[in-house]
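Structure, as structure tokens:
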Amino acid sequence: GFGHVTGVDAAPAMVDIDRKITGCTIHLSDATLCDQLLAPGSQDVIVISDLIHHPEKVSEWERLLMGCHRLLKPGGILVIREPWPTLVVRLLQFFSQFPVLYRGAMAARLRSFQEEKKLLEHFYTHWITDYPQHIARAGFAKGRDLVWLVHRITVCVRQEQSTP
């Protein structure tokens, strides 16, 4: 139901695929620089999916969130979807230690837990414990928060005050 969709991805191959599949404008860029690509206050909704666990520095999370704040219209919605250490995730992480299991439909997922192991550990120990504070510091009010399968989905509303 959206009238105009714009995407940002740092992987050239994904940008090409996204452009072909969606026909939308997809920018090749680091997401922490997204606020330099689009006009301030030009977006109604921003969706960040499986991205916030990648930065290794808190300052990068905050830069991304503050950039989203600048891009959103007052009252705009930020949706954050990230892996969450549910029982299913913990089981997948455990099984990812055994490469003999890297066959079939779950192979890529199990491999990803090994490839991103350090990032996920950093994310689980830093972002997870402090994410409400990061969101608030960037000028958002946390709305709905839910865990769905192996992800946490957090819906935030851009507050009227200017970005801190």
Side-chain angles (χ1 to χ4, degrees), residues 1-72 76-86 88-90 92-93 95-99 101-128 130-131 134-135 138 140 146-156 158 163:
F2 293 102
H4 180 75
V5 175
T6 302
V8 176
D9 202 302
M14 290 307 299
V15 169
D16 291 341
I17 291 168
D18 291 345
R19 286 175 180 160
K20 287 176 188 169
I21 290 173
T22 66
C24 295
T25 302
I26 310 294
H27 297 278
L28 176 61
S29 177
D30 183 309
T32 62
L33 304 175
C34 66
D35 61 325
Q36 296 174 16
L37 300 170
L38 304 165
S42 63
Q43 305 300 303
D44 294 309
V45 177
I46 295 176
V47 177
I48 300 174
S49 182
D50 294 330
L51 174 68
I52 291 185
H53 68 277
H54 286 279
E56 295 182 24
K57 296 178 183 171
V58 171
S59 61
E60 292 172 312
W61 289 329
E62 291 177 349
R63 167 90 174 96
L64 175 62
L65 292 172
M66 286 186 221
C68 290
H69 187 278
R70 281 189 286 280
L71 287 175
L72 283 166
I77 305 294
L78 174 65
V79 179
I80 303 171
R81 175 184 165 250
E82 286 297 321
W84 207 253
T86 62
V88 172
V89 169
R90 295 295 186 191
L92 288 171
Q93 285 176 315
F95 287 119
S96 74
Q97 299 173 68
F98 307 102
L101 300 174
Y102 291 11
R103 292 186 176 86
M106 292 301 296
R109 188 70 190 134
L110 291 173
R111 250 189 315 278
S112 75
F113 277 111
Q114 285 304 306
E115 292 166 0
E116 296 183 346
K117 185 175 182 175
K118 287 183 181 177
L119 287 173
L120 286 169
E121 287 172 1
H122 176 79
F123 175 75
Y124 292 157
T125 58
H126 292 83
W127 170 264
I128 285 179
D130 297 339
Y131 83 96
H134 294 299
I135 290 166
F140 291 96
L146 63 117
V147 175
W148 180 68
L149 298 176
V150 298
H151 289 91
R152 178 176 216 104
I153 300 169
T154 303
V155 180
C156 309
R158 182 192 185 276
T163 303

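The first residue in the sequence is number 1, and the count goes up from there. Keep in mind that what you see is a predicted model, and the values were worked out from it rather than measured. Basis for what follows: all heavy atoms, side chains included, without hydrogens, waters or symmetry-related copies.
Distance check, rounded to the nearest 0.5 Å: CD1 of Ile80 to CG of Leu65 gives 5.5 Å. Here Gln43 contributes atom CD and Asp35 contributes atom CG; the two are 11.5 Å apart, rounded to the nearest 0.5 Å. Residue Ile21 holds its CD1 atom at 11.0 Å from CG of Asp16, rounded to the nearest 0.5 Å. Distance check, rounded to the nearest 0.5 Å: CD of Glu115 to CG of Leu110 gives 11.0 Å. Distance check, rounded to the nearest 0.5 Å: CG of Asp130 to CH2 of Trp61 gives 8.0 Å. How far CG of Asp44 is from CD1 of Ile77: 9.5 Å, rounded to the nearest 0.5 Å.
Between His53 and His122 there is no side-chain heavy-atom pair separated by less than 4.5 Å. At least one side-chain heavy atom of Ile48 sits under 4.5 Å from a side-chain heavy atom of Cys68.
In this structure a side-chain-to-backbone donor-acceptor pair under 3.5 Å is present from Glu82 to Leu51. Within the 3.5 Å criterion, the main-chain N or O of Ile26 finds a donor-acceptor partner in the side chain of Arg19. A donor-acceptor pair under 3.5 Å links the side-chain atoms of Arg158 to the main chain of Leu72, judged by distance alone. The backbone N or O of Lys57 lies less than 3.5 Å from a partner atom in the side chain of Glu60, making a donor-acceptor pair.
The two atoms that bring His134 and Glu62 nearest to each other are ND1-OE2, 3.4 Å, heavy atoms only.
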